[in-house]
Amino acid sequence: MSTTNLEKIKNWNDAGSQLRTWRDDNVRMSKETLDLWSTYIAPSINRLGDEKWLVYEQVFLAALDCQNLTIAEDCLAALKAQFSSSKRVKKLFAMKYEAIEDYQKALDIYDSILEEDETNAHVLKRKLACLKAQNRINEYVKELNEYLKLFQADHEAWLELCDVYLSEMDFAKAAFCLEELILMYPHNHVYQQRYADIKYTQGQYDLAKTYYLYSLKLNPKNVRSLYGLLLTTANLKSSQKSKEGADNSKLNLWAREELDKKYKEVDSDRNLMNSVNDMFQYLAIGKAEK
Amino acid sequence: MKEISISKLAYSKLFLHVAKYPQLSCNGLLLSKPSKNQSVQFVDCVPLFHSSFTLAPSFEIALSQIDSYCRQNGVEIAGFYHAFDNNNQTEPNLICYKLAEKLKENGDVSLCFMVDNSKINPSNRVPCFNVYNFGDDQKLKQISANVKLEDGTYQTCERLLEENKSSLISDFDNHLDDIKKDWRNMNLNENISAVESLSAK
């Protein structure tokens, strides 16, 4: 996020609004959050009323992210004083241990919270995060699968599992995760396109092409899908019966023209266009016009 | 021992890319002038991705365009860098190996710069990576290399960090999400020169 947004902030009220926006959008703007805290919020924290507890929590998390343990401790102390028996604050204590890589202490706290509340999703996810941070990938995958049996609708977790499988190059399992997501959100063009990406990587060009087309039907501006269509039709050209071959040529040309239009719309310079056009030539089926 | 030199522009771009996404893994390519002897001179850097490194489509598109860009500008892809999201991870993984293998197939030199998170801060005054070489034996091995950075590189990186310039860099992922974002980062040349002239005062 550019610093120009922050130039509009002149006082604690503006800063409070900005922090509220970041909370609502769930974005990770840790350094900026700490800057706003130090400059505007900390001296005027009590003017925020009850919102200050949310701000303390938000700044605490940002401080952990930036390894500023002083600010983290201050926020945690304030929260602890106000909410001494809160499980939510207890979780924050554990997160502080995570930040200093004392995973055992963190896990002890998480387990104690789970004893009273065994389906606390936030805490279950923190335990998963501990495994990931320690690079214990096999256990991480196993536990994440167990978590998803309980919380099948957690799309963030499905995406995370997909990413882990991709980094392990287990494309079949990664594809399965996206299939679950597509079932839940059939109109999401990104999931269709990502699924197509995986199918392409597995060499299943026909299926990849189908899903790129679904994605483009939902959002004709998805550049990755346009490129994907270009690639799949180019790869399919050699193994084609005549009617399919003709369809592929048409799709290939259409994808190329759409991409060309987009590059021209943003006024891409000559040099960039040369690189793009070279690629088009390479991926063209039939006559290359340029 | 391999003689490697990296221009301020190349190193700054690598640094900014890694600084922009501290919570994610990132990788990118390093472009060099054609090398006549054992020394490699890196002059530019193209940041590639900060997600989904194993997916073929975006990778093929990137390589195709960058390859063409290299031919137009008389440079070649001689290396890549990879930074892990995990703080303690420094050894190349399968993804790095495959990329190194691919570069070797297409050129003579395939150097792999594995970013070491403990060395990233430019105040350390050391290059932020360990160097690996993909040799003819198809193995990716760490090598001790004499890495020379252009004068003033660390100071420039410090300045860029202070002034929050990491948001200016665009990688190929950014380009695919919004093609206005230029993966060649032509705008950064000016910014880096501006920082240079300030540091000189």
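Protein chains get the first letters and strands the later ones, always in sequence-line order, with residue 1 at the start of each. As the structure is a computational prediction, the values presented were derived from the model and not from experiment.
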Is it true that atom [atom1] of [X] has more than 12 heavy atoms of other residues, nucleotides or ligands lying nearer than 6.0 Å?
X	atom1	value
B:Gln138	CD	yes
B:Lys98	NZ	no
B:Lys119	NZ	yes
B:Gln38	CD	no
B:Asn106	CG	yes
A:Lys125	NZ	yes
B:Phe129	CZ	yes
A:Asp25	CG	yes

Between atom [atom1] of [X] and atom [atom2] of [Y], what is the distance when rounded to the nearest 0.5 Å?
X	Y	atom1	atom2	value
A:Lys199	B:Leu55	NZ	CG	12.0 Å
A:Glu32	B:Asn164	CD	CG	6.5 Å
B:Asp178	A:Lys221	CG	NZ	11.5 Å
A:Ile137	B:Asn86	CD1	CG	7.5 Å
A:Gln193	B:Leu176	CD	CG	9.0 Å

Considering only heavy atoms, which portion of B:Asp85 lies under 4.5 Å from any heavy atom of chain A: side chain, backbone, both, or neither? side chain

Tell me, for B:Lys20 versus chain A, whether the close heavy atoms (under 4.5 Å) come from the side chain, the backbone, both or neither. neither

Quick check on the interface: out of A:Leu230, A:Leu226, A:Val266, who has the most heavy-atom pairs with chain B under 4.5 Å? A:Val266

Note: vs chain B, highest number of non-hydrogen pairs under 4.5 angstrom among A:Asn135, A:Ile198, A:Leu259, A:Val223 is A:Asn135

List the atom of [X], the atom of [Y], and the distance in Å for their closest heavy-atom pair.
X	Y	result
B:Thr54	A:Met169	CG2-CG, 3.7 Å
A:Ser275	B:Ser68	CA-OG, 3.2 Å
A:Leu166	B:Ser52	CD1-OG, 4.3 Å
B:Pro57	A:Thr201	CD-OG1, 3.8 Å
B:Ser64	A:Met279	OG-CG, 3.0 Å
B:Ile95	A:Ser167	CD1-O, 4.0 Å

Whether the B:Asn88 and A:Glu101 side chains hold a donor-acceptor pair (N or O, under 3.5 Å, no angle test) is what I'd like checked. yes

Is it the case that the side chains of B:Glu60 and A:Tyr227 hold a donor-acceptor pair, with the cut-off being a distance below 3.5 Å and no angle test? no

Per-residue contact mode, [X] against chain B (heavy atom under 4.5 angstrom):
X	answer
A:Tyr165	neither
A:Phe171	side chain
A:Lys31	side chain

How about B:Met186 and A:Leu272: do any of their side-chain heavy atoms sit closer than 4.5 Å? no

Between the side chain of A:Asp278 and the main-chain N/O of B:Gln65, is any donor-acceptor distance below 3.5 Å? no

Does the pair B:Tyr69 and A:Asn274 meet the rule for a side-chain contact (heavy atoms from CB on, under 4.5 Å), with working shown? CA-CA 8 Å; B:Tyr69 174 78; A:Asn274 283 339; over 6 Å; no

Evaluate the side-chain contact (heavy atoms from CB on, under 4.5 Å) criterion for residues B:Asp177 and A:Arg224: first the C-alpha distance (whole Å), next the side-chain angles of each, then the deciding distance (0.1 Å), finally the verdict. CA-CA 8 Å; B:Asp177 290 333; A:Arg224 290 172 194 266; 3.0 Å; yes

